[in-house]
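Structure record follows, encoded as structure tokens.
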Amino acid sequence: MATSTAKLQLTETRRDVDLVIDDVTMRFDAREGPVTAVENMSFAIERGEFVSIIGPSGCGKSTVFNILGGLVRGYQGQVSVDGEIIDGPHRSIGMVFQEESTFPWRTVIDNVAFPLEVKGVGKAERHRVARRFIDMVGLGGFEQRYPSELSGGMRQRVAIARTLVFEPKILLMDEPFAALDDQTRLLLGDKVLKIQQDLRQTTLLITHNITEAVQLSDRVIIMTFRPGRVKRIVDIRLPRPRTGDVVGSEAFGRYVAEIWSDLREEASRGMTDCEDGAR
Ligand code: ADP
Ligand code: MG
């Protein structure tokens with residue numbers, strides 16, 4: 001099975017690199033003492049690529065996400081977007097968070113239109129644009145509902161549409177489907193993939209779900225457990241579109257098994273560490 005080594009050649013010989021994380025290390029002063037959340041992490045994502053980062057809980061995935069979003073400072077190494085080193089939130093990056101982030105007091109359309117409202121776009125125009133993305137995530141007809149009238153999966157779609165409304169070149173998502181049941185997760189995964197292919201968006205998905213990572217990605221970055229490093233990068237050479245046939249195929253199963261064997265080692269290290277109370 002084709003895999004590439006963990007360390008990427010960051011010589012920029014790759015064409016159209018959108019996002020580069022170059023030798024990034026992040027330490028936190030936690031109550032129990034210093035924690036190295038991420039260590040010497042390097043990878044690059046090409047334009048239009050769908051990449052997932054997978055790793056056990058506590059391995060530093062959200063730290064990477066927050067660094068890429070410009071929300072965390074004080075790390076060593078560099079992050080660049082479009083060849084520009086970032087030191088804060090970048091206009092090309094849109095983020096979808098794990099936690100519920102809809103505004104309960106706003107209708108679906110006013111949630112999705114919110115970023116445009118902040119930018120001063122007039123009501124008719126921002127509603128027109130918001131409708132396009134509401135349709136795209138399959139929520140047409142629910143424009144006037146409030147988040148409390150929707151399911152968790154629908155609320156997460158509102159959050160995704162609200163991020164898409166910026167038309168970010170790069171979409172970062174931190175376990176956006178973690179709170180959802182398996183069926184909703186699969187259907188929403190399909191939807192996100194279709195949107196990503198339509199918009200040709202560069203996408204980085206953080207997940208701990210192997211099936212989801214294989215189903216959606218061009219490449220899967222496997223992280224080690226604390227400190228979080230790149231353990232291996234797996235190229236997923238499955239045809240697109242990834243229909244039900246592909247997901248049920250033997251090749252798909254082999255990727256899942258291969259990634260699980262790497263991940264299992266890390267996950268069990270995580271469990272032992274937590275039982276010992278060691279950092
Ligand atoms: P993941 O998203 O993979 O579950 P995180 O990136 O959230 O992992 O956390 C990685 C490690 O860094 C954990 O040990 C966590 O406790 C620690 N950590 C993350 N953020 C902070 C912070 N702001 N202060 C102190 N420790 C942190
Ligand atoms: Mg996390």
Side-chain angles (χ1 to χ4, degrees), residues 18-19 48 50 61-62 65-72 81-82 86 88-207 209 212 216:
D18 250 359
L19 189 65
F50 197 123
K61 302 184 295 299
S62 294
F65 175 79
N66 289 326
I67 288 173
L68 293 173
L71 306 178
V72 164
V81 175
D82 265 343
I86 63 163
H90 192 280
R91 63 190 175 284
S92 298
I93 290 185
M95 304 177 86
V96 176
F97 296 86
Q98 175 173 0
E99 311 83 60
E100 290 257 340
S101 61
T102 50
F103 304 124
W105 60 88
R106 284 177 164 251
T107 58
V108 167
I109 193 155
D110 284 327
N111 260 282
V112 175
F114 178 72
L116 301 174
E117 190 176 329
V118 172
K119 269 171 68 180
V121 177
K123 189 168 176 178
E125 173 63 7
R126 67 178 189 255
H127 277 190
R128 190 188 64 76
V129 177
R131 270 203 189 89
R132 176 173 159 232
F133 290 97
I134 290 170
D135 285 343
M136 205 179 271
V137 298
L139 287 179
F142 292 90
E143 289 84 352
Q144 301 309 326
R145 301 283 186 96
Y146 285 89
S148 61
E149 301 172 290
L150 306 175
S151 68
M154 290 162 94
R155 283 198 292 271
Q156 205 47 309
R157 281 189 268 167
V158 174
I160 291 170
R162 194 183 52 198
T163 300
L164 291 175
V165 109
F166 281 112
E167 306 196 35
K169 270 179 62 183
I170 305 172
L171 182 64
L172 307 181
M173 295 186 283
D174 189 2
E175 307 208 32
F177 316 131
L180 308 176
D181 63 75
D182 279 353
Q183 288 90 326
T184 310
R185 170 192 281 272
L186 276 171
L187 291 174
L188 201 43
D190 274 348
K191 203 133 226 130
V192 165
L193 192 55
K194 169 122 191 4
I195 294 169
Q196 188 262 349
Q197 305 274 307
D198 288 351
L199 302 178
R200 303 214 41 76
Q201 214 160 23
T202 306
T203 304
L204 180 67
L205 172 75
I206 290 176
T207 179
N209 187 295
E212 184 174 291
L216 302 177

Drop me the distance from [X]'s [atom1] to [Y]'s [atom2], to the nearest 0.5 angstrom.
X	Y	atom1	atom2	value
L19	S92	CG	OG	10.0 Å
F166	K119	CZ	NZ	7.5 Å
F133	L139	CZ	CG	13.5 Å
Q183	L188	CD	CG	13.0 Å
M173	L205	CE	CG	5.0 Å

Which atom pair, heavy atoms only, marks the closest approach of [X] to [Y]?
X	Y	result
F50	L216	CG-O, 3.5 Å
V112	V165	O-CG1, 3.5 Å
R126	V121	NH1-O, 3.0 Å
P147	P104	CD-O, 3.7 Å
T102	A159	CG2-N, 4.3 Å
V96	Q156	CG1-OE1, 4.4 Å

Would you check if [X] and [Y] make a side-chain contact, meaning some heavy-atom pair closer than 4.5 Å?
X	Y	answer
I160	L164	yes
L150	F142	yes
N209	F177	no
I109	Q144	yes
D174	F97	no
I93	P168	no

Determine whether a donor-acceptor pair (N or O, by modelled atom type, separation under 3.5 Å) exists between the side chain of [X] and the backbone of [Y].
X	Y	value
T202	G48	yes
E212	G189	no
E117	N111	no
Q196	Q201	yes
N66	V72	no
R157	V137	yes
S151	M154	yes

Requested in this report: Run the numbers on T203 and I170 for side-chain contact (heavy atoms from CB on, under 4.5 Å), then give the verdict.
Outcome: CA-CA 6 Å; T203 304; I170 305 172; over 6 Å; no
Query raised in the report: salt bridge (Lys or Arg N to Asp or Glu O under 4.0 Å) between D181 and R185: does it pass, once the steps are laid out?
Result: CA-CA 6 Å; D181 63 75; R185 170 192 281 272; over 6 Å; no
Just checking, any donor-acceptor pair under 3.5 angstrom between side chains of [X] and [Y]?
X	Y	result
T207	E175	no
D110	H127	yes
S101	R162	yes

Query raised in the report: Should the pair R155-E149 be classified as a salt bridge under the 4.0 Å nitrogen-to-oxygen rule?
Result: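 Result for this pair is no, no salt bridge flagged.
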Report task. In sequence, state the C-alpha distance, the side-chain angles, and the governing distance for S62 and I206, and then conclude on side-chain contact (heavy atoms from CB on, under 4.5 Å). Result -> CA-CA 8 Å; S62 294; I206 290 176; 5.6 Å; no
Query raised in the report: Going through the distances and angles, do L204 and L171 end up as a side-chain contact (heavy atoms from CB on, under 4.5 Å)?
Result: CA-CA 6 Å; L204 180 67; L171 182 64; over 6 Å; no
Query raised in the report: When you look at R128 and E125, which way does the side-chain contact (heavy atoms from CB on, under 4.5 Å) test go after all the steps?
Result: CA-CA 5 Å; R128 190 188 64 76; E125 173 63 7; 3.0 Å; yes
